2 protein chains.
Amino acid sequence: MLDDLDRNLLEILVRDARTSLKELAAQVGLSSPSVSERLRRLEERGVIRAFTVEIDPLALGYTLQAIVRIRPLPGKLHIVQKLIEEIAEFGECDKVTGDDCFVARLFVRSIGDLDGILDRIADKAETSTAIIKAQPIRRRPPPLGARSAPSS
Amino acid sequence: MLDDLDRNLLEILVRDARTSLKELAAQVGLSSPSVSERLRRLEERGVIRAFTVEIDPLALGYTLQAIVRIRPLPGKLHIVQKLIEEIAEFGECDKVTGDDCFVARLFVRSIGDLDGILDRIADKAETSTAIIKAQPIRRRPPPLGARSAPSS
DNA sequence: CTGAAATGCTTGACGATCTCGACCGAAATC
DNA sequence: GATTTCGGTCGAGATCGTCAAGCATTTCAG
């Protein structure tokens, strides 16, 4: 479904999404229209979800990040989920197996803000919060290397 | 440090990093060279960390994601951190306060792969794994809205 | 108060880039 | 073995980005 050329293109684009078609074409050994067509299809198929820009939260004043585990009280699951989605400071949220129903990432500008946000959930769920001290690995895509055999 | 124009530009670029200078200029009411200059400085200052492309892990065969909490055994912290960094399937890792030292995101193609990777850490750390069932909020930047007052 | 320097913007022209249509060749289909 | 389809190249026209020059506003020194 994805050939080496596609993977190659993705790899280059992950590093710099502004690489010109011409440059891409040169690096994978194709003409620019071909590259353009491949990109179009990668987008169409949803392989490329978006061209975006990564912003440093610090530059926006968000000096604190936390991982919050959230266990909604009985019957409150949907209300809690909706609440999380509405709070813009949640920068990521996964619904997981196990006792903790949600694991979320929170961007805040101060401990006070953190407290304020958690308060809004406190009466609907139990939370455990871990402050992020460092980021050994910042968001990166999974390995683009060769696909394993599908169902064959 | 960031004015409304900058925030506006960032907002547009987060949605689509390929927006042309001309289009950006039109939307914020400036000329393209001005926009170009602003972007240059946003990058220079590190506000824009990168132009990148968001890839669907599923398209690469990674059908499973997990959140893994990792508690290194005494004295093994650095070895564990290094190990995590080297395993490409870890798509994110934060060092946090509390009992769990690291919280990491793992992309795998099968439960078997998950087991294989956790095995590599098993003799150096305790781990708790939660399989991701759904993603109510996918990675998004913190609110770009007005900055709070700095140290004034 | 005056003048100079710095900042941030606009304009217009040039060069590079992207896009579109026409055409071609290999591989799969019937 | 002919035909269709898919993915590729080439070249022209349109679009876009970049650069230099110039202008207005603000800031600061004299």
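Note on naming: letters A, B, ... go to the chains in the order of the sequence lines (proteins, then strands), and numbering restarts at 1 for each one. Note that the structure is a prediction, hence the values are computed from the model and not measured.
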### Task
Report the distance from atom CG of A:L5 to atom P of D:dT9, rounded to the nearest whole Å.
10 Å

### Message
I want to check something: taking the side chain as every heavy atom from C-beta on, are A:L106 and A:Q65 in contact at a cut-off of under 4.5 Å?
### Response
no

### Residue A:S36, side-chain atoms from C-beta onward, closest of C:dT19, D:dT9, D:dT18
C:dT19

### Message
Using a 4.0 Å heavy-atom cut-off, does B:R38 contact any base of the nucleic acid, only the sugar-phosphate backbone, or nothing at all?
### Response
sugar-phosphate

### Task
Provide, to the nearest angstrom, the distance between the CZ atom belonging to A:F51 and the P atom belonging to C:dC18.
12 Å

### Task
Assign B:S34 to base, sugar-phosphate, or nothing according to its heavy-atom contacts below 4.0 angstrom with the strands shown.
base

### Query
What are the two closest non-hydrogen atoms of A:C93 and B:P136, and how far apart are they?
O-CD, 3.1 Å

### Verdict with reasoning, A:R105 to A:D94, per salt bridge (charged side-chain N to carboxylate O under 4.0 Å, His left out)
CA-CA 9 Å; A:R105 174 181 309 269; A:D94 298 290; over 6 Å; no

### Query
Taking only N and O in the side chain of A:R40, is any of them less than 4.0 Å away from OP1 or OP2 of C:dT19?
no

### Task
Can you figure out which of D:dT18, C:dT19, C:dT10 approaches the side chain of A:L21 most closely?
C:dT19

### A:L30 side chain, from C-beta outward: closest of C:dT19, D:dG8, D:dT18
D:dG8

### Task
Give the rounded distance in Å between these two atoms: CG of B:L9 and P of C:dC9.
10 Å

### Task
In whole angstrom, give the distance that lies between atom CZ of B:R18 and atom C1' of D:dT15.
16 Å

### Query
If you measure from the Lys or Arg side-chain nitrogens to the Asp or Glu carboxylate oxygens, is any gap between A:K95 and A:D100 under 4.0 Å?
no

### Task
Could you tell me the separation between the NZ atom of A:K22 and the P atom of C:dT17, rounded to a whole number of Å?
4 Å

### Summary
Taking D:dT9, C:dG8, D:dT18 as options, the one with an atom nearest any side-chain atom of B:P33 is D:dT18

### Task
Measure the distance from CD on B:E23 to P on D:dC16 and round it to the nearest whole Å.
9 Å

### Task
Measure the CZ-CD distance between A:R49 and B:E54 for me, rounded to the nearest 0.5 Å.
5.0 Å

### Task
Measure from CD on A:E37 to C1' on C:dC18 and round the result to the nearest Å.
14 Å

### Message
I need the CG-P distance between B:L24 and D:dC16, as an integer number of Å.
### Response
12 Å

